[in-house]
Amino acid sequence: MTSGSPAGRWRFRGVLARRRTAPSRARRRLGAAARMLAALALAGGVYTAFAPGAFAEDTTQLSATAQEGKQLYDNSCITCHGRDAQGVTGRGPSLIGVGSASVEFQVGTGRMPMTRQEAQAEEKKPQFDKTQTKQLGQYIQELGGGPQLPSDGKYTEDLKENPEALARGGELFRVNCTSCHGFGGGGGALSSGKYAPALHDASPETLYAAMLTGPQNMPVFGDNQLTPEQKREIITYVTVQLQQDKDPGGLFNLGRYGPVTEGLAIFGVGITILVFTALWIAGKS
């Protein structure tokens, strides 16, 4: 069959049509792919513009004090608390959000760095001086924020200006603190090998930081639970009434645990005297 016949012309036109449609389909596919890539690039650009932190490194500038604290942290704390204070599983918790008050309590009392993992961090001679402790605290504060000690450095009430503060502090102490620290601030045992420490040598700054951060098993007494004024009243009571040999437990200062120990001692001594007196009378008769 020749190309001049109707059937030949039909076959020739079909071949031409297929040759013409093939490039058209390829162009459509290329166009669709180009549009898809453009859409993805646009979405990525918009996301980058509104969330640059997802791709950029943290460029937060630390203050000079915090930079000094970071050097101390990298040398002494990073092993347990990890890079950027994110924590290390099985070694130390994250410090993000604990605030400078927690650092100043733990480091300032020598509880940190710990010598070994145990039920409770023991108080010991601090490894850092006050300036270095402030630097460490400032670094942690700028990393994640959290509770801070009062900027004015006021931890107690002036009894000349506020003579009722001592009485209110004693009432607040008996309601909130005696169940663990004892009536006379002598401390006491807790569960799982932990304990509430004695308050006889605690500084006002340490007491304020402890109430603000709740170390170990101690609850956190935020400003919603105890106002700053109430915290200062409690500290005033502890530093004036309990730390100056004015034992609220009685006259004999038996362990500074309160009137119970003195009552038991008096009961035991009294019963013993009565027994021996009764025997002496019986013997005479």
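From a predicted model like this one, the values you see are computed outputs, not experimental measurements.
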Applying a strict under-4.5 Å side-chain criterion to I, L, V, M, F, W and Y, I'd like to know whether L190 and F105 cluster together.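 As far as the 4.5 Å side-chain criterion goes, F105 and L190 are not connected within one cluster.
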With the 4.5 Å side-chain cut-off for hydrophobic clustering, are V220 and V103 part of the same group? no
Taking atom [atom1] as the centre, does [X] end up with more than 12 heavy-atom neighbours from other residues, nucleotides or ligands that are less than 6.0 angstrom away?
{"X": "D201", "atom1": "CG", "value": "no"}
{"X": "R174", "atom1": "CZ", "value": "yes"}
{"X": "K130", "atom1": "NZ", "value": "no"}

Just verifying a value: how many Å separate [X] [atom1] and [Y] [atom2], rounded to the nearest 0.5 Å?
{"X": "R111", "Y": "Q106", "atom1": "CZ", "atom2": "CD", "value": "6.5 Å"}
{"X": "S191", "Y": "N217", "atom1": "OG", "atom2": "CG", "value": "6.0 Å"}
{"X": "L172", "Y": "T178", "atom1": "CG", "atom2": "OG1", "value": "11.5 Å"}
{"X": "R168", "Y": "Y237", "atom1": "CZ", "atom2": "OH", "value": "15.0 Å"}
{"X": "T239", "Y": "L166", "atom1": "OG1", "atom2": "CG", "value": "8.5 Å"}
{"X": "T133", "Y": "M112", "atom1": "OG1", "atom2": "CE", "value": "13.5 Å"}

Atom of [X], atom of [Y] and distance for their closest heavy-atom approach:
{"X": "T213", "Y": "P147", "value": "CG2-CB, 4.5 Å"}
{"X": "G69", "Y": "Y139", "value": "C-CB, 4.0 Å"}
{"X": "A85", "Y": "S94", "value": "O-OG, 3.2 Å"}
{"X": "Y155", "Y": "P204", "value": "CB-CB, 3.8 Å"}
{"X": "S192", "Y": "A119", "value": "O-CB, 3.5 Å"}
{"X": "A196", "Y": "C180", "value": "CB-O, 3.3 Å"}

Can we say R83 and D74 salt-bridge, meaning some charged N sits less than 4.0 Å from an Asp/Glu carboxylate O?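 The answer is no: the pair does not qualify as a salt bridge.
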State whether R116 and E118 are salt-bridged, where the test is any N-O pair (Lys NZ or Arg NE/NH1/NH2 against Asp/Glu carboxylate O) under 4.0 Å.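 Here R116 pairs with E118 in a salt bridge, since their nearest N and O are under 4.0 Å apart.
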Test your reading of the model: is there a side-chain donor-acceptor pair from [X] to the backbone of [Y], 3.5 Å cut-off?
{"X": "D158", "Y": "K160", "value": "yes"}
{"X": "K124", "Y": "G110", "value": "yes"}
{"X": "N75", "Y": "Q71", "value": "yes"}
{"X": "E68", "Y": "Q132", "value": "no"}
{"X": "Q243", "Y": "S203", "value": "no"}

Is there a side-chain contact between [X] and [Y] (heavy atoms, below 4.5 Å)?
{"X": "S100", "Y": "I140", "result": "no"}
{"X": "L62", "Y": "Q138", "result": "no"}
{"X": "Q135", "Y": "L72", "result": "yes"}
{"X": "F128", "Y": "P113", "result": "yes"}
{"X": "M211", "Y": "Q225", "result": "no"}
{"X": "Q127", "Y": "V107", "result": "no"}
{"X": "E122", "Y": "M114", "result": "no"}
{"X": "V238", "Y": "H181", "result": "no"}

Per salt bridge (Lys or Arg N to Asp or Glu O under 4.0 Å), E205 is matched among K231, K134, R232, K154 by K134
Could you walk me through whether E157 and E229 pass the side-chain contact (heavy atoms from CB on, under 4.5 Å) check? CA-CA 8 Å; E157 292 289 345; E229 182 181 2; 3.5 Å; yes
Is there a donor-acceptor contact under 3.5 Å linking the side chains of E142 and S63? yes
Audit row: K70, L136, side-chain contact (heavy atoms from CB on, under 4.5 Å) steps and yes/no: CA-CA 7 Å; K70 185 179 186 305; L136 278 169; over 6 Å; no
Could you walk me through whether D223 and L212 pass the side-chain contact (heavy atoms from CB on, under 4.5 Å) check? CA-CA 8 Å; D223 291 345; L212 202 59; 4.3 Å; yes
Could you go step by step and tell me if Y73 and H81 meet the side-chain contact (heavy atoms from CB on, under 4.5 Å) rule? CA-CA 9 Å; Y73 178 90; H81 295 288; 3.2 Å; yes
Using the side chain to side chain contact (heavy atoms under 4.5 Å, CB included) definition, which of the options V98, I96, L95 pairs with L143? I96
